[in-house]
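I have placed the structure first, in the form of structure tokens, so that the comments after it can refer back to it.
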Amino acid sequence: MTSPESPRKPIMVGNWKMNMNHLEAIAYVQKLAFGVSDKDLDRTEVAVLPPFTDLRSVQTLKEADKLKILFGAQDVSAHKDGPYTGEISASMLAKLKVDMVLVGHSERRAYHHEDDDLINAKIGEILKNSLRPLLAVGETLPIRQAGDAMSHVIAQLSGCLKGVSTKQTDGLIVAYEPVWAIGTGEVASPEDAQQMCLAIREWLSSRFSSTVAEQTRVLYGGSVKASNVKELMNQPDVDGALVGGACLDPAEFLRIIRWPDQL
Ligand code: 13P
């Protein structure tokens, strides 16, 4: 995101995972909103992904205080409605006016056995409800060590976005999250992040169009914190970060959002 002429506005997304109840969510968003200035939001979009039980509280606060912070869900059902105990549909999320829906996170893939077909069905539901998918992809350490990281990520993209039309890519965001960098403190090198984000963009260009490739934001995720965000954001094809652990402290998330001010 080095060029000021870039058609893509950077975005910092905080994935809370299974942290914070709805009362803590309200306190967090108030603190974040108080800290984020109009100048920050002119430069960078800011989004939080709270657990489902917090979404209504965050929505109410956002609407009451006219906050410009975006919010989204961490997952969605692949089904429209019906007897799917414990599931949350895309139309329920649309009613809450979420700004995006994360799908394909490696923790969903690993602990809930989600594969590209299921993620593709979820994206179908997201698009049917005019919501924006935030699609996470990334390789495990053995795949990287075998030299197959790029082909693995491209196969994930192609499976998860099967049947998606060029027009439907309007609000799409892709996040490259190497599994070995998530929650480990082991961040990908800026060069590795750049190489994969560029490969994702090139794939978007060949699968959809050069305009889609130019407009779609590609984020990096995996042990991002204030001390390493700037070198990642200095890469031309890294348009933002999907932040886990470090976003749970609003002060640290603010420092990440303010990466352009770092010396
Ligand atoms: P960490 O920032 O804790 O490594 O998590 C990254 C992540 O999984 C965001 O979705």
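Sequential numbering from 1 along the given sequence is applied to the chain's residues. Start at 1 and go down the list; that is how both ligands and their atoms are numbered.
- Ligand 1 has Lys17 within reach: a non-hydrogen atom of the residue lies less than 4.0 Å from it.
- Counting the atoms of ligand 1 from 1 in the order shown, those under 4.0 Å from a heavy atom of Asn15 are 9 (C), 10 (O).
- Atoms of ligand 1 found under 4.0 Å from any heavy atom of Glu177, numbered from 1 in the order shown, are 6 (C), 7 (C), 8 (O), 9 (C), 10 (O).
- Between Glu114 and Arg109, no side-chain nitrogen of the basic residue sits less than 4.0 Å from a carboxylate oxygen of the acidic one, so the salt-bridge criterion is not met.
- For ligand 1, the atoms closer than 4.0 angstrom to any heavy atom of Leu242 are 9 (C), 10 (O).
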Quiz prompt | Check against side chain to side chain contact (heavy atoms under 4.5 Å, CB included), Val137 and Ile200 | solution = CA-CA 10 Å; Val137 292; Ile200 291 171; 4.2 Å; yes
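- Annotation for ligand 1: atoms under 4.0 Å from non-hydrogen atoms of Gly245 are 1 (P), 2 (O), 3 (O).
- Under a 3.5 Å cut-off, the side chain of Glu45 and the backbone N or O of Leu41 do not form any donor-acceptor pair.
- Taking every heavy atom of Ser223 and a limit of under 4.0 angstrom, the matching atoms of ligand 1 come to 1 (P), 2 (O), 4 (O).
- Of all protein heavy atoms, the one lying nearest to atom 2 (O) of ligand 1 is Gly244 N, 2.9 Å.
- Taking 4.0 Å as the cut-off, Gly183 counts as a neighbour of ligand 1 on heavy-atom distance.
- The only option from Val58, Asn21, Val98 that meets the side chain to side chain contact (heavy atoms under 4.5 Å, CB included) definition with Pro50 turns out to be Val58.
- Ring orientation note: the planes of His79 and Tyr84 are close to parallel, at an angle under 30° on the 30°/60° scale.
- The shell of residues lying under 4.0 angstrom from ligand 1, judged by heavy atoms, excludes Ala175.
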Exercise. Would you please test Arg43 and Asp40 for salt bridge (charged side-chain N to carboxylate O under 4.0 Å, His left out) and show each step?
Key: CA-CA 5 Å; Arg43 297 189 299 201; Asp40 295 327; 3.6 Å; yes
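- In summary, the atoms of ligand 1 found under 4.0 Å from a heavy atom of Ala181, numbered by their order in the structure, are 4 (O).
- Take Asp239 and apply the salt bridge (Lys or Arg N to Asp or Glu O under 4.0 Å) test, not counting sequence neighbours, and it matches Arg8, Arg201.
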